[in-house]
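Order of appearance sets the numbers: ligands from 1, and atoms from 1 within every ligand. Note: hydrogens, waters and symmetry copies are ignored here, and every other heavy atom, side chains too, is used.
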Amino acid sequence: MLYFGGNQRVRFVISGAAGFIGSHLCDRLIAEGHSVLALDNFITGSPANLAHLEGADGFEFREHDVTSPIEASAPVDFVLHLASLASPKDYLNHPIETLETGSTATRNMLELARAHRARFLLTSTSECYGDPLEHPQAESYWGNVNPVGIRSCYDESKRYAEALTMAYHRVHGLRTNIARIFNTYGPRMQLNDGRVVPAFVDQALRGEALTVFGDGKQTRSFCYVSDLVEGLYRLMFSDERYPVNLGNPDEMTILEFAEHVRKITGAAAPIRFESLPSDDPQRRRPDITKARTLLRWEPRVSLEDGLRETIAYFRGLLASSVPVRSLE
Ligand code: NAD
Ligand code: UDP
């Protein structure tokens with residue numbers, strides 16, 4: 001077990017804890033013997049993601065919308081701010097909530113950290129680079145974001161959240177970290193949140209056509225969630241104040257990704273081309289030199305292994321016919 005500032009168990013407050021990444025982070029922290037106050041308003045997250053932690057030693061859940069201030073009894077050692085709408089479909093349908101979570105909620109979580117002299121970590125995004133003109137994307141690149149486009153509610157609120165985090169560090173001396181996360185996937189993603197991994201797997205398992213947007217030549221790379229959690233864990237104990245990219249540099253086109261899904265599911269599903277959403281980034285690949293050097297981190301799980309785990313999870317969900325989520 002890791003102790004911090006004395007002989008006490010480390011106490012974390014996590015926003016967005018019932019989401020995909022948040023719930024895996026809770027698992028890791030509880031498994032290491034830490035204590036976790038988990039917050040979520042379930043706008044996209046699900047109680048099912050945390051059900052197995054109910055009654056676990058050190059784990060507490062509070063239903064709370066973090067756009068309202070949050071109080072926690074002392075001590076708090078770490079505040080991890082993950083709450084956000086995260087899939088393009090969700091943030092396009094809820095742009096104001098997205099902006100509020102990046103701005104007001106980030107301020108509330110920073111204030112909580114300040115009140116407790118706790119460390120703070122922000123989960124930012126590769127979307128800060130927009131539709132990038134530099135490739136691969138290193139942290140030194142300032143990005144190419146359309147400030148009034150349909151994705152701007154997400155991109156600009158995350159850029160604001162990064163700026164606010166740096167301001168709290170500079171003005172209040174808060175110990176902060178910023179993770180710029182690139183496309184991450186794994187069990188507990190929401191089946192119908194529109195992101196390409198659950199969309200293709202769902203379609204393949206149902207024997208439906210895979211919906212490729214545009215000509216499918218746009219690129220992404222996919223990081224398995226256990227690798228991402230390891231990266232976040234290393235980052236939160238580091239002294240790096242500037243953003244650090246966390247993602248998998250194994251870049252492929254969306255058409256190539258569709259082929260992987262077809263091969264691993266064994267589905268003969270056809271491809272159906274649909275129109276490309278505006279401002280959809282054309283090329284994305286993280287330069288992870290900084291994470292490799294500073295954190296000695298790099299992804300370990302192959303796409304094939306990660307997809308097998310993810311497909312098995314979604315197969316189970318489809319077989320159980322449990323309603324996956326209410327948000328549409
Ligand atoms: P997710 O939608 O599964 O989880 C987000 C969680 O935040 C959900 O449980 C949701 O209910 C909660 N939430 C949203 N607004 C809230 C509010 N106002 N109050 C309380 N809870 C609220 O998404 P995820 O993929 O797990 O993403 C987690 C974080 O990582 C987000 O900040 C996201 O921007 C960032 N990120 C994720 C990816 C990825 O590929 N998964 C990539 C880049 C950045
Ligand atoms: N995409 C697709 N079909 C889908 C969903 C997404 O072709 O059903 C494409 C989308 O246009 C983008 C890429 O897959 O180019 C990744 O989309 P996702 O929504 O997963 O995340 P993004 O990287 O855009 O935030």
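- In this structure, Phe200 and Phe257 have parallel ring planes: the angle between them is below the 30° cut-off, well short of the 60° mark.
- For the salt bridge (charged side-chain N to carboxylate O under 4.0 Å, His left out) with Glu127, the qualifying choice from Arg159, Arg180, Arg151 is Arg151, the only one to do so.
- At least one heavy atom of His64 sits closer than 4.0 Å to an atom of ligand 1.
- Of the candidates Arg151, Arg195, Arg284, it is Arg151 that places a heavy atom closest to atom 24 (O) of ligand 2.
- Of all the atoms in ligand 2, the ones that sit under 4.0 Å from a non-hydrogen atom of Glu127 are 25 (O).
- Ligand 1 lies nowhere less than 4.0 angstrom from a heavy atom belonging to His81.
- Other residues, nucleotides and ligands contribute at most 12 non-hydrogen atoms within 6.0 Å of the OH atom of Tyr242.
- Closest protein heavy atom to atom 9 (C) of ligand 2: Gln218 NE2, 3.9 Å.
- Looking only at protein heavy atoms, the nearest one to atom 9 (O) of ligand 1 is Asp40 OD2, 2.6 Å.
- Note that CG of Leu303 is 10.5 Å distant from CZ of Arg308, once rounded to the nearest 0.5 Å.
- Side-chain atoms of Ser15 come within 3.5 Å of backbone atoms of Leu82 as a donor-acceptor pair (strictly under, hydrogens ignored).
- Using a 4.0 Å cut-off to heavy atoms of Val212, the atoms of ligand 2 that qualify are 7 (O).
- Side-chain atoms of Glu100 and Thr67 include no donor-acceptor pair closer than 3.5 Å.
- With respect to Lys290 and Glu240, a salt bridge is recorded, a charged nitrogen being found less than 4.0 Å from a carboxylate O.
- Considering backbone and side-chain N/O of Gln203, none are found under 3.5 Å from N/O of ligand 2.
- Closest protein heavy atom to atom 6 (C) of ligand 1: Gly16 CA, 3.6 Å.
- Taking the charged nitrogens against the carboxylate oxygens, Arg234 and Glu230 do have a contact shorter than 4.0 Å, which makes a salt bridge.
- Taking every heavy atom of Asp280 and a limit of under 4.0 angstrom, the matching atoms of ligand 2 come to 10 (C), 11 (O), 12 (C), 15 (O).
- Numbered from 1 in the order shown, with element, the atoms of ligand 2 that lie under 4.0 Å from a heavy atom of Thr211 read 2 (C), 3 (N), 4 (C), 7 (O), 8 (O).
- Protein heavy atom at the shortest distance from atom 1 (N) of ligand 2 is Phe213 CD1, 3.5 Å.
- With a 4.0 Å cut-off on non-hydrogen atoms, Glu127 does not touch ligand 1 at all.
- For atom 13 (C) of ligand 2, the nearest protein heavy atom (residue, atom name, distance) is Ile254 CD1, 3.6 Å.
- Scanning all protein heavy atoms for the shortest distance to atom 34 (O) of ligand 1 gives Tyr154 OH, 2.6 Å.
- Using a 4.0 Å cut-off between charged nitrogen and carboxylate oxygen, Arg28 and Glu32 count as a salt-bridge pair.
- Of the protein's non-hydrogen atoms, the one nearest atom 37 (C) of ligand 1 is Ile21 CD1, 3.8 Å.
- Closest to atom 43 (C) of ligand 1 among all protein heavy atoms lies Ile181 O, 3.1 Å.
- Judged by the shortest distance from any of its heavy atoms, Ser124 lies inside the 4.0 Å radius around the atoms of ligand 1.
- Remark: of the listed residues Phe78, Phe120, Tyr233, Phe78 is the sole one forming a ring pair (Phe, Tyr, Trp, His ring centres under 6.0 Å) with Phe12.
- With ligand atoms numbered from 1 in the order given, ligand 2 contributes 19 (O), 25 (O) to contacts under 4.0 Å with heavy atoms of Pro88.
- Using modelled atom types and a 3.5 Å distance limit, the side chains of Arg300 and Tyr224 yield no donor-acceptor pair.
- Residues Thr211 and Glu274 have side chains that never bring a donor and an acceptor to within less than 3.5 angstrom of each other.
- The closest protein non-hydrogen atom to atom 22 (C) of ligand 1 is Asn41 OD1, 3.0 Å.
- Closest protein heavy atom to atom 3 (O) of ligand 1: Phe20 N, 2.8 Å.
- Across all their heavy atoms, Asp193 and Ser87 have their closest contact at O-OG, 2.6 Å.
- Glu54 and His52 share no donor-acceptor pair across their side chains, judged by distance under 3.5 Å alone.
- Residue contact annotation: Asn183 has a non-hydrogen atom under 4.0 Å from ligand 1.
- The shortest separation from a heavy atom of Tyr185 to ligand 1 is not under 4.0 Å, leaving the residue out of contact.
- Residue Gly194 has at least one heavy-atom neighbour below 4.0 Å for each of these atoms of ligand 2: 5 (C).
- Not a single heavy atom of Phe257 sits closer than 4.0 Å to an atom of ligand 2.
- Under the 6.0 Å cut-off for aromatic ring centres, Phe42 and Phe61 qualify, their centroids lying closer than that.
- Residue-ligand proximity: Ser15 is placed with every non-hydrogen atom at 4.0 Å or more from ligand 1.
- With ligand atoms numbered from 1 in the order given, ligand 2 contributes 8 (O) to contacts under 4.0 Å with heavy atoms of Ala199.
- Between the side chain of Asn144 and the backbone N or O of Gly130, no donor-acceptor pair lies under 3.5 Å.
- When non-hydrogen atoms are compared, ligand 1 lies under 4.0 Å from the backbone of Phe42 (N, CA, C, O) but not from its side chain.
- Of all protein heavy atoms, the one closest to atom 5 (C) of ligand 1 is Ser84 O, 3.3 Å.
- Atom OG of Ser124 and atom CD1 of Ile181 lie 8.0 Å apart (nearest 0.5 Å).
- The nearest non-hydrogen atom to atom 21 (O) of ligand 2, considering only Asn183, Thr253, Val196, Thr125, comes from Asn183.
- Aromatic ring pairs are classed by plane angle as parallel below 30°, tilted from 30° to 60° and perpendicular above 60°; the pair Tyr185 and Phe222 is perpendicular.
- Of the protein's non-hydrogen atoms, Arg220 NE, 2.6 Å is the one closest to atom 23 (O) of ligand 2.
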